[in-house]
Amino acid sequence: MPAYRPEEIEKKWQAHWKAHSTFRTENHSDKPKYYVLDMFPYPSGAGLHVGHPLGYIASDIVTRYKRLRGFNVLHPMGFDSFGLPAEQYAIQTGQHPALTTEKNIETYVQQLSSLGFSYDWSREVRTSDASYYKWTQWIFLKLFNSWYNLDTDRAEPLTELTARFAASGSEGIRAAGDDGDRLSFSAGQWALFSEKQKLAAVLPYRLAYQQDTYVNWCPGLGTVLSNDEVKDGLSERGGFPVERRLMPQWNLRITAYADRLLQGLDQLDWPDAVKEMQRNWIGKSIGAEVTFPVQGSENAQIKVYTTRVDTIYGATFLVLAPEHELVDELTTPGQRAAVDEYIAATKRRSERDRMTDVKAVSGVFTGAYALNPVNGAPVPIWLADYVLAGYGTGAVMAVPSGDQRDYLFAKHFNLPIPAISDAQQGLDQQADPTKEGHYINSGIINGLTYKEATQKLIAFLEEKGLGKGKVNFRQRDAIFGRQRYWGEPIPIYYKDGTAYGIAESDLPLVLPEIDEYKPTETGEPPLGRASDWLYKGKYPYELSTMPGWAGSSWYYLRYMDPTNEARFVSEEAEQYWGSVDLYMGGAEHATGHLLYARFWYLFLKDLGLVSSGEPFQKLINQGMILGRSNFVYRVNMRWVQTGPTTAGHEAFEPLPFSPPVILISKSKKDAIDAAQGMAFEHTGELAKSAYQQIGAVTKRYSDQFNANHPEADLAALDFESFTPLHADVNLVDNDILDVEAFKNWREEYADAEFILEDNGTYICGTEVEKMSKSKYNVVNPNILIDKYGADALRLYEMFLGPLEQYKPWNTNGISGVGGFLKKFWRLFHPEDGPLALTDEPATPAELKVLHRAIQKVQEDIEKFSFNTSVSLFMITVNELTALKCHKRAILEPLVLLVSPYAPHLAEELWQELGHEAGSISHAAYPEFREEFLVEDTVVYPLAINGKVREQMQFAAAATAAEIEAAVLASDFLAKHGEGKAAKKVIVVPGRMVNVVV
RNA sequence: GCCGGAGUGGUGGAAUGGUAUACACGAGGGACUUAAAAUCCCUUGCCUUCACGGGCUUACGGGUUCGAGUCCCGUCUCCGGUACCA
């Protein structure tokens with residue numbers, strides 16, 4: 001003693017921090033505030049693996065660093081504790097999701113604490129606590145009771161809308177959403193409406209509204225899913241098929257905020273990739289809506305949406321989505337049968353087929369014609385499922401010369417493809433969507449360019465009342481209901497079939513107890529099982545619950561004031577903390593959580609409930625740590641029959657008994673693969689020996705079998721192929737398998753035969769994959785903490801590479817940072833003895849080492865480049881060890897630098913240095929003094945005609961002119977300049993001297 | 001297809017336009033040990049040479065510059081996102 005013992009030090013300080021609430025943060029301080037937020041986890045049953053803490057470690061480093069820099073830092077943690085896995089588990093086991101969740105959270109808290117994170121646990125929130133979701137429900141009611149006024153461009157309380165209805169009816173009101181669902185009425189009519197009629201009239205204005213919506217219905221999970229929960233037609237969780245279905249659903253009118261969500265991105269310090277994803281997701285497009293009258297009809301007209309109104313003279317046909325409302329009316333008797341069949345076929349095709357089968361062209365002619373509004377030309381009206389009912393108007397004008405899909409469609413159905421620009425070429429192969437050239441065959445825009453033509457046409461169409469410029473968004477309103485149990489109950493009840501929000505004073509609406517967590521026999525959501533699920537004892541409550549993203553859309557606000565019972569967050573706390581300064585989390589939330597949370601924030605801001613412009617100022621996406629899977633290779637066998645066969649050659653038979661398990665080491669397996677791949681000459685000897693070894697094993701088994709079954713006319717087992725099998729990475733060290741441990745791991749391998757390397761080891765194959773239990777590549781951080789300590793794990797995860805990158809885990813490297821911590825300890829405890837530091841003044845060389853570290857670490861943390869800091873620590877300690885520096889003047893500041901990374905070790909040393917226990921967390925960052933870094937001399941590369949020949953030293957303070965003079969005067973040219981005189985000397989200040997001869 | 005990002009030793013990676021390959025892992029050699037573990041020391045981009053040395057090298061091809069891993073243009077490859085969005 002005292003050698004470095006992380007296990008003792010770390011337990012001691014974690015207990016100290018907990019007992020003294022060291023990281024408790026107050027809502028008042030003279031210091032500037034800084035808010036560091038981690039994306040809170042869903043507490044899954046599997047616990048944390050080494051990949052999970054990556055972002056938490058980084059944010060904890062920033063937190064501790066900012067504290068040293070004099071900030072009052074808010075750094076909380078909580079749990080997104082509503083969710084599907086706990087519910088699926090409940091369905092299978094009958095265990096209440098609350099119990100499972102509670103247990104999982106305990107594990108998480110324990111694991112997080114063992115990593116030494118400096119969370120203020122007194123602020124912990126859980127989305128499934130009624131005291132929390134009370135306010136989630138409260139925000140929902142605010143949405144329910146608001147509408148979006150396009151004139152003021154913000155959300156307003158419904159009371160302002162109804163006041164206007166009472167004053168002047170629905171006239172002149174511009175609200176976000178689809179006006180097609182809304183009634184027109186006068187103030188007088190409004191006054192005569194019954195309560196039910198009034199509510200029905202208001203419903204289509206609400207920001208939380210109920211509507212029959214095409215949804216992603218997942219029968220496997222028994223619920224609807226949002227678009228970002230569906231991947232390739234399968235549910236993201238569980239991988240069940242998903243189908244389109246029309247159902248009444250609660251929606252949130254996020255589309256009202258589409259433009260503001262888009263604009264706001266410009267000011268955010270977020271990764272470009274995430275901003276770009278949100279932009280694409282919102283999908284703003286600027287175009288025009290154009291009306292095509294239907295030929296032979298007085299009233300019928302078709303509205304199409306286009307971003308290329310300039311190509312309208314090339315619009316030779318229209319295409320409608322099969323769901324378009326005019327289809328029935330337009331279809332001629334002659335085409336009726338074909339159209340009906342096509343619509344039926346479309347319905348049968350699941351969303352999945354439509355997506356995997358995008359290249360196939362299909363469609364049907366309705367028999368009707370529309371009139372091109374610019375030249376009156378009749379254009380046939382077709383149906384095709386490549387046109388989506390949900391986007392634009394559900395109808396497009398097809399311009400085969402300018403759009404590839406229209407082009408393929410026209411080719412397929414032999415429709416004309418007229419050129420409309422003198423720049424269009426090769427229309428016999430493909431469409432030309434470029435905007436170059438001048439228009440031809442285009443009436444009033446002939447000879448014009450793209451810009452001129454677009455302006456002229458929009459003006460022309462607007463004048464005739466046949467079109468207008470229009471902006472469209474790809475983004476749809478967000479579906480807000482889930483037919484599940486384990487979520488926030490939607491605080492709505494029904495009276496006479498009309499939806500009412502429950503009174504705020506009746507919140508929270510607590511999730512009821514039910515006997516089983518499945519849908520009811522009549523197909524209602526699980527809440528249908530609850531008895532007395534009635535408001536005021538008589539009005540039935542809504543049966544769906546909120547989606548997973550509800551609670552996570554505002555949790556960062558609750559941390560500011562987590563126990564407030566009167567308000568979701570107090571005004572003072574909200575104004576003090578403002579928005580999140582640094583948000584750390586995975587990129588997978590780019591178009592889900594991060595968009596919804598911004599939406600809710602903008603909404604709350606419209607109501608004057610929050611004060612900043614955006615919720616998350618800076619976002620960092622930590623990369624994923626991937627697992628490194630290990631494989632063993634199983635040799636597959638077949639029987640070779642003896643004796644004559646009908647075909648005259650050997651016949652292979654199915655195995656008559658379960659074969660022996662033979663596992664072959666990697667290089668031998670590779671040799672056989674190579675030999676089979678005709679590369680035999682390179683691997684010949686190894687392959688031969690591998691074949692022989694397999695042969696020896698199989699002969700033993702086949703002899704044995706043949707002896708026991710003399711009647712069987714079978715000769716021998718024969719090698720067929722290899723199957724790679726995952727081997728648990730915990731049984732493998734440096735790709736060498738612990739054979740005995742592996743035999744004990746699984747019963748079926750207990751009697752396995754191993755074909756080893758020539759040195760007697762078994763070498764496994766490897767592959768980088770996502771960490772997952774089923775791949776046996778999960779590395780548990782607890783094991784590493786036990787062996788190396790939390791500080792080593794923290795350092796190593798940072799050392800692994802740039803934070804934002806995806807990188808494979810490799811346990812081997814952790815010994816390197818382990819070594820660093822020991823060396824660091826020995827600077828303070830030479831020979832692992834007691835603390836022994838001198839008070840001697842530091843030398844310039846030592847000061848230089850220290851101050852370079854101060855400067856670099858500071859720079860690195862400010863730009864989130866933690867891996868280079870860890871490297872620098874190692875260099876620094878190596879240098880100080882070489883200098884035999886055991887001086888307090890150098891080492892004390894160094895402890896502070898290291899403390900955000902290795903907090904336990906730093907606390908221990910800090911206390912040994914005579915400071916109060918636990919005080920390093922709030923000490924001051926050492927001051928950087930540039931003068932210690934200044935060099936006496938500077939080395940310049942010296943070149944002749946641009947080619948570097950030599951390094952020359954100059955005084956660091958020398959001016960360019962002095963250097964030039966020195967070079968001219970030196971004997972350098974005599975030696976290297978081939979005796980020539982210098983024509984010119986170029987001095988690049990501080991860097992380079994070039995002599996031109 | 002479109003959008004975003006990245007290509008540097010056996011591996012993870014470092015490098016304000018200025019000595020490319022820091023730091024670490026792995027590997028090889030050595031010391032201490034009865035032995036192992038632990039620890040410490042040396043070597044380690046590639047080619048060539050007994051050696052001294054020489055040549056080459058940041059995916060590939062060009063360009064700008066006295067000087068390019070870094071900036072510009074083109075090509076290829078990989079990763080992530082997204083996709084009948086009119």
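Just so it is clear, the model here is predicted, and its values are computed rather than measured. Labels below follow one simple rule: chain letters A, B, ... track the order of the sequence lines, proteins then strands, and each chain is numbered from 1.
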task: Based on the glycosidic angle (syn within 90° of 0, else anti), state the conformation of B:G9.
output: syn
- prompt: Is the shortest side-chain N/O distance from A:Q404 to OP1 or OP2 of B:A86 below 4.0 Å?
  reply: no
task: Anything under 30° is parallel, anything over 60° is perpendicular, the rest tilted; go ahead and classify A:Y305 against A:Y391.
output: perpendicular
query: Can you tell me if the side-chain N/O atoms of A:N280 get under 4.0 Å from OP1 or OP2 in B:G81?
result: no
- prompt: According to the interplanar angle, ranging from 0 to 90°, do the rings of A:F413 and A:F409 count as parallel (below 30°), tilted (30 to 60°) or perpendicular (above 60°)?
  reply: tilted
- prompt: Using the C1' atom in both, what is the distance from B:A14 to B:G7, to the nearest Å?
  reply: 16 Å
task: Could you check how far CH2 of A:W809 sits from P of B:C25, rounded to whole Å?
output: 14 Å
- prompt: From the list B:C85, B:C23, B:G5, which nucleotide is the closest neighbour of the side chain of A:R474?
  reply: B:C85
field: Aromatic ring proximity A:W809/A:Y796, centre distance under 6.0 Å
entry: yes
- prompt: Counting just side-chain N and O atoms, does A:T307 come under 4.0 Å of either OP1 or OP2 of B:C85?
  reply: no
message: Between B:C71 and B:C2, how far apart are the two P atoms, rounded to whole Å?
response: 24 Å
message: Whether the A:S871 and A:T868 side chains hold a donor-acceptor pair (N or O, under 3.5 Å, no angle test) is what I'd like checked.
response: no
message: Pairing check on B:A24: which nucleotide meets the Watson-Crick or G-U wobble criteria with it, both distances under 3.5 Å?
response: B:U11
query: Which nucleotide, in any strand shown, forms a Watson-Crick or G-U wobble pair with B:U82, with both distances under 3.5 Å?
result: B:G1
- prompt: What integer number of Å spans the C1' atoms of B:C72 and B:U65?
  reply: 12 Å
field: Any strand: nucleotide that pairs with B:C46 via Watson-Crick or wobble, under 3.5 Å
entry: B:G55
- prompt: How many Å lie between CG on A:D403 and P on B:C84, as a whole number?
  reply: 14 Å
- prompt: Is any side-chain N of the basic residue among A:D266 and A:R279 closer than 4.0 Å to the acidic one's carboxylate O?
  reply: yes
task: Starting from C1' on B:C3, measure out to CE on A:M277 and report it in whole angstrom.
output: 10 Å
query: Once you round it to whole Å, what is the distance between P of B:A86 and CZ of A:F317?
result: 17 Å
field: Closest nucleotide among B:U39, B:C23, B:A15 to the A:K822 side chain
entry: B:U39
- prompt: Hey, are A:E879 and A:R852 close enough for a salt bridge, meaning a charged N less than 4.0 Å from a carboxylate O?
  reply: yes
query: Is it true that a side-chain atom of A:Q404 and a backbone atom of A:A431 form a donor plus acceptor pair closer than 3.5 Å?
result: yes
- prompt: In whole Å, what is the span from the CG atom of A:L626 to the P atom of B:C79?
  reply: 12 Å
query: In whole Å, what is the span from the CG atom of A:L595 to the P atom of B:G81?
result: 17 Å
- prompt: Which base, if any, makes a Watson-Crick or G-U wobble pair with B:C66, both distances under 3.5 Å?
  reply: B:G18
task: Considering only atom P, compute the distance from B:C3 to B:C25 and round it to an integer number of Å.
output: 43 Å
query: How far, in whole Å, is B:A86 from B:C79 if one measures between their P atoms?
result: 28 Å
query: Side chain of A:R405: nearest nucleotide among B:A22, B:A86, B:A38?
result: B:A86
task: Between B:G4 and B:U43, how far apart are the C1' atoms? Round to whole Å, please.
output: 43 Å
query: Quantified in whole Å, what is the C1' atom distance between nucleotide B:A38 and nucleotide B:G45?
result: 31 Å
- prompt: With rounding to whole Å, what would you report as the distance between B:G12 and B:C66 at their P atoms?
  reply: 37 Å
message: Under 4.0 Å from OP1 or OP2 of B:G13: is there any side-chain N or O of A:K807 that close?
response: no
- prompt: Can you tell me the Watson-Crick or wobble partner of B:U77, both distances under 3.5 angstrom?
  reply: B:A6
- prompt: Roughly how many Å is it from CE in A:M798 to C1' in B:A14, rounded to a whole number?
  reply: 17 Å
message: Using whole Å, what does the distance between atom P of nucleotide B:A38 and atom CD of A:E831 come to?
response: 20 Å
task: Could you check which nucleotide pairs with B:C40 in any of the strands shown, counting Watson-Crick or G-U wobble with both distances under 3.5 Å?
output: B:G30
